[in-house]
Amino acid sequence: MFLMRRIVALLFIICFFQTCCSYASNIEVIPTTQTYSSNQNRVWSGVFQLAWNDLYNINGNRVIFAGKTPDVVNQLNNREFSYLSMPKKDYYAIASKIKHSTKRGIQHNIKKRLNIKSDLIKQARFVPQNDRIVLYGALNKDINFVTMFDNLGTAKFGENQTANYFGVNNQTKSNYSDTVHVLFYKSPHDFAISLNTQGDDVIYLYKTSDNVTFQETYKEMLFKAERYYGDGKLSEIDTLMIPYIQFKAEQNFTDLENRLIYKASMKINSAMETIIFDMSNKGLEAQPDYQKVNMKKALEVCEVEPRKFLLDDTFVIFVRGKSLDKPYFALRVNDITQFQVPNL
């Protein structure tokens, strides 16, 4: 039975990967955590901010456009995210004057460092001029948990969608005490957990339908976590369901392109970002925990209320380095069809 679940999970990942070459059509890439968007599916990573920080240093001061300056420029100029909050791998960022070798150099570097290609870079028209600037950031994130989760199959997502899930249920025999931590639990519709990975990252999963900025969402999650005094461990009678997530998204920040920088002989030619993200049940194979059966019976005798950590509706993902102070990735999931293979 365990082998069969492994095979099903592997087939799912293979089929998922085969569709990864096409970019998601309805996921908006936003430049800062302070940026508000009405798009229900949106993603942010710190890599474009890093490219902007380099532009700030090249300019020697805050970047102001000749003419009206968009609000997002003021947000970027605040430089609230820096290299200190970003892991040293999985990303590439550049702000550079355009030369004959610029395009080829970016393509070479993202292939070498991240093993990815960018359609936007491929299609971009870079005219070598000393006053022309290209801004580009890329992130390729593949999550591997401390312990491999069970493949839970298909279940409902939202009102009328279906999703493929992994997680923990009453058939699970492994112990996830080293992987899952409960940040808070108010109800099946309002909770947050953190997941440890094999690397230096912590994954936060927060079930909320609030449509605010990522900055506000993260602060709200931490506020609730600080005031939670319940059990921080996943018990044997709790259920955890997490949708498989995999997508590619690219964005031209058109509000920033072809804009002359005030009091500087520079113009932003292109401002672009690529994000690739993969979160499945991958992890180290766990040994069965035979003590769980007796513990589960003991909890049932005590009539402890089982908690349902079901990410079966709108939720948000944050990724933060374990030793870092801020998340460097955020994703809001509302339409699961943008992140999974339909009808698998």
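From a predicted model like this one, the values you see are computed outputs, not experimental measurements.
Every residue was checked against the ring-ring contact (aromatic ring centres under 6.0 Å, His included) condition with Y91, not counting sequence neighbours, and none meets it. Residues passing the side chain to side chain contact (heavy atoms under 4.5 Å, CB included) test with A163 are F157, Y165, I336, Q340, sequence neighbours excluded. Taking D54 as the reference, nothing meets the salt bridge (Lys or Arg N to Asp or Glu O under 4.0 Å) condition, with sequence neighbours excluded. Applying the salt bridge (Lys or Arg N to Asp or Glu O under 4.0 Å) criterion to R307, with sequence neighbours excluded, gives D238. Under the ring-ring contact (aromatic ring centres under 6.0 Å, His included) criterion, Y56 pairs with no residue, sequence neighbours left out. With sequence neighbours left out, Y185 forms a ring-ring contact (aromatic ring centres under 6.0 Å, His included) with F309. Residues passing the salt bridge (Lys or Arg N to Asp or Glu O under 4.0 Å) test with D255, sequence neighbours excluded: none.
The distance from atom CD of E159 to atom CG of D313, rounded to the nearest 0.5 Å, is 7.5 Å. Taking CD of Q161 as the start and CD of Q338 as the end, the distance is 9.0 Å to the nearest 0.5 Å.
In this structure, V72 and F253 have side chains that are not in contact, with every pair of non-hydrogen atoms separated by 4.5 Å or more. Looking only at side-chain heavy atoms (C-beta outward), E28 and V43 stay at 4.5 Å or farther from each other.
Listed by first then second residue, pairs satisfying side-chain hydrogen bond (donor to acceptor under 3.5 Å, both in side chains) with a partner in residues 101-110 read Y92-N109, not counting sequence neighbours. Judged as a side-chain hydrogen bond (donor to acceptor under 3.5 Å, both in side chains), the pairs with a partner in residues 214-225 (not counting sequence neighbours) are, in order, E80-Q215, D190-K224, Y206-E220, Y206-K224, T213-E216. Among residue pairs with one or both ends in residues 58-67, none qualify as side-chain hydrogen bond (donor to acceptor under 3.5 Å, both in side chains); sequence neighbours excluded.
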*Stepwise, does the side chain to side chain contact (heavy atoms under 4.5 Å, CB included) test hold for I94 with I106?*
CA-CA 8 Å; I94 186 174; I106 293 175; 4.2 Å; yes

*Are Y176 and F149 close enough, and set up right, to give a ring-ring contact (aromatic ring centres under 6.0 Å, His included), and what steps lead you there?*
CA-CA 9 Å; Y176 289 90; F149 287 98; 4.8 Å; yes

*asked:* Working note: S45 + E273, criterion side-chain hydrogen bond (donor to acceptor under 3.5 Å, both in side chains); need CA distance, chi angles, decisive distance, verdict.
replied: CA-CA 9 Å; S45 83; E273 185 172 357; 2.6 Å; yes

_Apply side-chain hydrogen bond (donor to acceptor under 3.5 Å, both in side chains) to residues T179 and N196 and explain how you reach the verdict._
CA-CA 5 Å; T179 301; N196 288 326; over 6 Å; no

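The closest donor-acceptor contact from the side chain of N211 to the backbone of Q40 lies at 3.5 Å or more, if one exists at all.
By the 6.0 Å contact criterion, CG on D200 is open, its count of non-hydrogen atoms from other residues, nucleotides or ligands being 12 or less. Counting non-hydrogen atoms of neighbouring residues, nucleotides and ligands closer than 6.0 angstrom, the NZ atom of K89 reaches no more than 12 such neighbours. Other residues, nucleotides and ligands contribute at most 12 non-hydrogen atoms within 6.0 Å of the NZ atom of K308. Atom CZ of R125 has 12 or fewer heavy atoms from other residues, nucleotides or ligands within 6.0 Å.
Side chains of T314 and N334: a donor on one and an acceptor on the other come within 3.5 Å. Side-chain atoms of D201 and Y328 form a donor-acceptor pair, as typed in the model, at a separation below 3.5 Å. Judged purely by distance below 3.5 Å, without hydrogens or angles, the side chains of S280 and Q246 never pair a donor atom with an acceptor atom.
If you chain together ILVMFWY residues whose side-chain heavy atoms come under 4.5 Å of each other, Y36 ends up in a group of its own. Under a 4.5 Å side-chain heavy-atom criterion applied to ILVMFWY residues, the cluster that includes Y262 comprises I64 as well.
Between D131 and K267, none of the side-chain N atoms (NZ, or NE/NH1/NH2) sits under 4.0 Å from a carboxylate O, so this pair counts as no salt bridge.
When ring centroids are compared, W44 and F81 come within the 6.0 Å threshold.
Classification of the F166-F145 ring pair by plane angle, with boundaries at 30° and 60°, yields tilted.
No option in V180, V182, L205, D150 other than V180 meets the side chain to side chain contact (heavy atoms under 4.5 Å, CB included) test with L240.
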